[in-house]
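Comments concern the structure below.
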Amino acid sequence: MISHYFRNTSGYLIISFSLFFLLIYLSPSIDTYVNRNKPKNSYSNSSTLKIETRSNRIKETLMKFDLSGLGPETVVTGATLNFYIGGRVTNTEEVFVYAALSEWDVNTDWNNRPSTASDYEDSITVSGTNKYYSLNVTELVQDWLAGSQENYGIVLAVSDGSLKISSSESSSNQPYLSVDYEPGDSGEPGAVPGGVEIVDLNVPLSPANSRIVVVAKDGSGSYRNIQDAFDNSRPGDTIQVKNGVYSGRISIRRSGTPDLPIALVNYPDHRPIIDPGGGDYPSECCSPDPTARLKIDAEWVLIEGMEIRYGLQGIVVLRGHNTIRGNHIHHNKYDGIQLKSESFISDVLIENNVIEHNGVDMDTCVYSDEFNPKFCHAVYLSDHNHCQGIENVVVRRNVLKDHGGAALQANANGCNSDPAITNVLVENNLIKDTNSAFNLYHNVFFGSIRNNTVILRNTPPNTIDASRTFFYISGSVDEFSVTNNIFHTTRQDIKGLHMNSPRSSNTFENNVWDVRNNSWKWDGSSRTDFLVNYQHITGWDGNGQCCGVDPMFVSENDFHIRVNSPAVDSGDNQTCAPMDFEFQSRSEDAACDAGMDEYR
């Protein structure tokens, strides 16, 4: 099973990048609900929070967030409360968020619930279940930080009906507060209890839902095909797609705005399929039509909840400020996702996707008239020869597996150093059975690869490349940190490292290596002493563990770590991702764990 790895949206921490606008995501420090019909009951340990207004039944949800790490000089530019509604909704029209005006704690019940502001901060109409909703609490958070109002948290209520939302005790889809801010005069964001997550990234995080447009092949929606819906879209539209196979290319040319992105999402409880090639696989795979793909030639677009197959690429991105989240992208002719810099691309978020088996079958991944799958990757950042520049890309909490090329390739070969590929964060991914994990080629600067679990155990799909390695780095690759990862293989033909031009600005630290092959390349020279001399020759991983260190996964197919894993408490809290693959906070009392999983 792959689905259990995907739980909900999270943020990320970038330390070395230049910071313009920052973003944090915070889990509640306390959440509960109160029930008028059971006025002495406390529900702070419940995995479900209830909100209800029906007849004489009233339930309200309470949440509190610790903002003590953000000082009074912090300038908040936006704040949203995000919560996940699952299960049945009964006659619910609107959800309202109010400021709580008095103290409460984990033992709070209906009889001692906090007083509530008379005016609500924001409201939203509930349009379905098994999805996140967002409420604007910007002014309230600003008042909390300025000290003009005490931070007693918030209260959620409904106008009519009842619903259930996931709590911070839930194993998935926990609520969270997202805050956009500037750090103030100190320039330092501080450490926020519960996990601070910082990034210079400007992308749509959730649909605006200004207008819901439904696409359905059976005619029950506004349109029968996705292209028509996009051609008639406007900023703020959410295009919901019902079940069915939608054949033919999709070219997204209409942009949203920062406040009103255009979103393409699955209709609630549906899983639509986008099939740009329009054929069976592999006998009719991947139309030779070079436009048979989902192409994003626009900004402020969010793609979520789609299965995308049998195209030229799964998704090709030509412009910035876009989010690709929660999709299953597989069996396309070349790459799963390609960023192609025909013009400058800035700010792209790729998260919570399963990207597998792209460019691996015969007659796919054809270069120079030959089947050559080493050139086809799960995620490809391509500035090669276009030389327009790609910057600010985050790839996190994806499953990237079964490719003849790399899990991630960044290539600006043929370009000058400016522009180039810059500010790339790759974290908390599960990478499995690719020919190589990471390929970095020429003019790739300022990035972090951290807390990934890389497993090259089985033979990757058809590939003619005999050089299999965790890392292939060539040319001017500078200011990259590779920290707190697990690199595991049981194969004798997987090299630890292929480094043609080492730079002193690059660092590897706190990684756990389980490698069986002594062969590697350093500074352009082939060597046969990786297992005994990697740390000595490179000066890296002085606090890492190398080289035959079993990470001790739970089982053959469950890549959580055990309590006695050498990855436990082996990371560096200054460079660890604050959340793990499943949106669980990293350790605050001890060192964080290496890899995608924080042991619980």
Side-chain angles (χ1 to χ4, degrees), residues 8-9 11 23-28 30-34 49-53 58-65 67 70 74-85 89 91-102 104 113-129 131-146 148-168 173-181 204-212 235-238 256-261 263 265 302:
N8 74 1
T9 310
L23 172 66
I24 65 171
Y25 295 157
L26 295 173
S27 299
I30 313 174
D31 58 2
T32 187
Y33 72 93
V34 293
L49 302 172
K50 298 181 181 180
I51 314 173
E52 184 173 21
T53 301
I58 298 177
K59 299 182 181 76
E60 296 175 346
T61 281
L62 312 176
M63 295 184 191
K64 189 182 294 184
F65 298 89
L67 301 177
L70 297 175
T74 299
V75 178
V76 172
T77 58
T80 58
L81 174 68
N82 305 274
F83 57 94
Y84 187 90
I85 297 180
V89 174
N91 299 327
T92 300
E93 294 180 357
E94 284 187 282
V95 178
F96 299 86
V97 58
Y98 297 85
L101 299 181
S102 58
W104 58 277
R113 70 191 187 281
S115 56
T116 303
S118 56
D119 296 327
Y120 62 85
E121 300 290 325
D122 193 16
S123 67
I124 191 169
T125 300
V126 176
S127 59
T129 60
K131 60 188 291 188
Y132 271 95
Y133 289 85
S134 299
L135 291 165
N136 189 332
V137 290
T138 301
E139 291 185 5
L140 180 59
V141 173
Q142 290 171 338
D143 290 344
W144 286 343
L145 289 175
S148 58
Q149 183 167 336
E150 288 292 331
N151 177 9
Y152 296 118
I154 59 89
V155 179
L156 290 176
V158 295
S159 57
D160 182 44
S162 66
L163 55 84
K164 298 178 181 179
I165 67 178
S166 299
S167 79
S168 61
N173 303 317
Q174 299 94 338
Y176 62 97
L177 179 71
S178 60
V179 182
D180 293 281
Y181 71 101
L205 293 174
S206 59
N209 294 331
S210 297
R211 183 178 67 159
I212 304 296
D237 278 0
T238 297
T257 69
D259 295 326
L260 296 171
V265 303
L302 184 151

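The first residue in the sequence is number 1, and the count goes up from there. What you see below is based on every heavy atom in this structure, not just the backbone, and it leaves out hydrogens, waters and symmetry mates.
- Screening Leu49, Leu135, Asp31 for a side chain to side chain contact (heavy atoms under 4.5 Å, CB included) with Leu156, the sole residue that qualifies is Leu135.
- Without hydrogens or angle criteria, Glu60 side chain to Val34 main chain gives no donor-acceptor distance under 3.5 Å.
- To the nearest 0.5 Å, atoms CD1 (Ile154) and CG (Leu177) are separated by 9.0 Å.
- The environment of Tyr152 atom OH is dense: over 12 non-hydrogen atoms of other residues, nucleotides or ligands sit within 6.0 angstrom.
- Nearest approach of Ser134 to Ile124, heavy atoms of both residues: O-CD1, 3.6 Å.
- How far CG of Asn151 is from CG of Leu145: 8.0 Å, rounded to the nearest 0.5 Å.
- The two residues Phe96 and Ser123 come nearest to each other via the heavy atoms CD2-CB, 3.5 Å.
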From CA spacing to verdict: side chain to side chain contact (heavy atoms under 4.5 Å, CB included), Ile85, Ile165
CA-CA 4 Å; Ile85 297 180; Ile165 67 178; 3.8 Å; yes
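- Residues Trp104 and Ser102 come closest through the heavy atom pair CD1-O, 3.6 Å.
- For Asn209, the side-chain hydrogen bond (donor to acceptor under 3.5 Å, both in side chains) criterion is met by Thr238, not counting sequence neighbours.
- Put simply, the side chain of Thr32 never gets that close to the backbone of Leu62: no donor and acceptor are under 3.5 Å apart.
- Among residues two or more places apart in sequence or in another chain, the side-chain hydrogen bond (donor to acceptor under 3.5 Å, both in side chains) test is passed with Asn136 by Thr138.
- Here the CZ atom belonging to Phe65 is positioned 11.0 Å from the CD1 atom belonging to Ile30, to the nearest 0.5 angstrom.
- Proximity of a side-chain donor or acceptor of Asp122 to a complementary backbone N or O of Val97 within less than 3.5 Å is not detected.
- When all heavy atoms are compared, the tightest approach of Pro175 to Ser168 is CD-N, 3.7 Å.
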What verdict does the side chain to side chain contact (heavy atoms under 4.5 Å, CB included) test give for Thr80 and Leu205, after you've listed the backbone C-alpha separation in whole Å, the side-chain angles of each residue and the deciding distance to 0.1 Å?
CA-CA 11 Å; Thr80 58; Leu205 293 174; over 6 Å; no
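- With rounding to the nearest 0.5 angstrom, the CD1 atom of Ile58 is 13.0 Å from the OG atom of Ser162.
- Residue Ser159 comes nearest to Thr53 through the heavy atom pair O-CG2, 4.0 Å, listed as atom of the first residue, atom of the second, then distance.
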Could you go through Phe83 and Val95, starting from their C-alpha distance and side-chain angles, then the distance that decides it, and tell me whether this counts as side chain to side chain contact (heavy atoms under 4.5 Å, CB included)?
CA-CA 11 Å; Phe83 57 94; Val95 178; 4.0 Å; yes
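- No donor-acceptor distance shorter than 3.5 angstrom exists from the side chain of Thr125 to the backbone of Glu94, with no hydrogens or angles considered.
- For Ala157 against Tyr98, the heavy-atom pair with the smallest separation is CB-CE1, 4.3 Å.
- Gln174 and Ser27 share no donor-acceptor pair across their side chains, judged by distance under 3.5 Å alone.
- Applying the salt bridge (charged side-chain N to carboxylate O under 4.0 Å, His left out) test to Glu52 and every residue at least two apart in sequence or in another chain returns Arg54, Arg57, Lys59.
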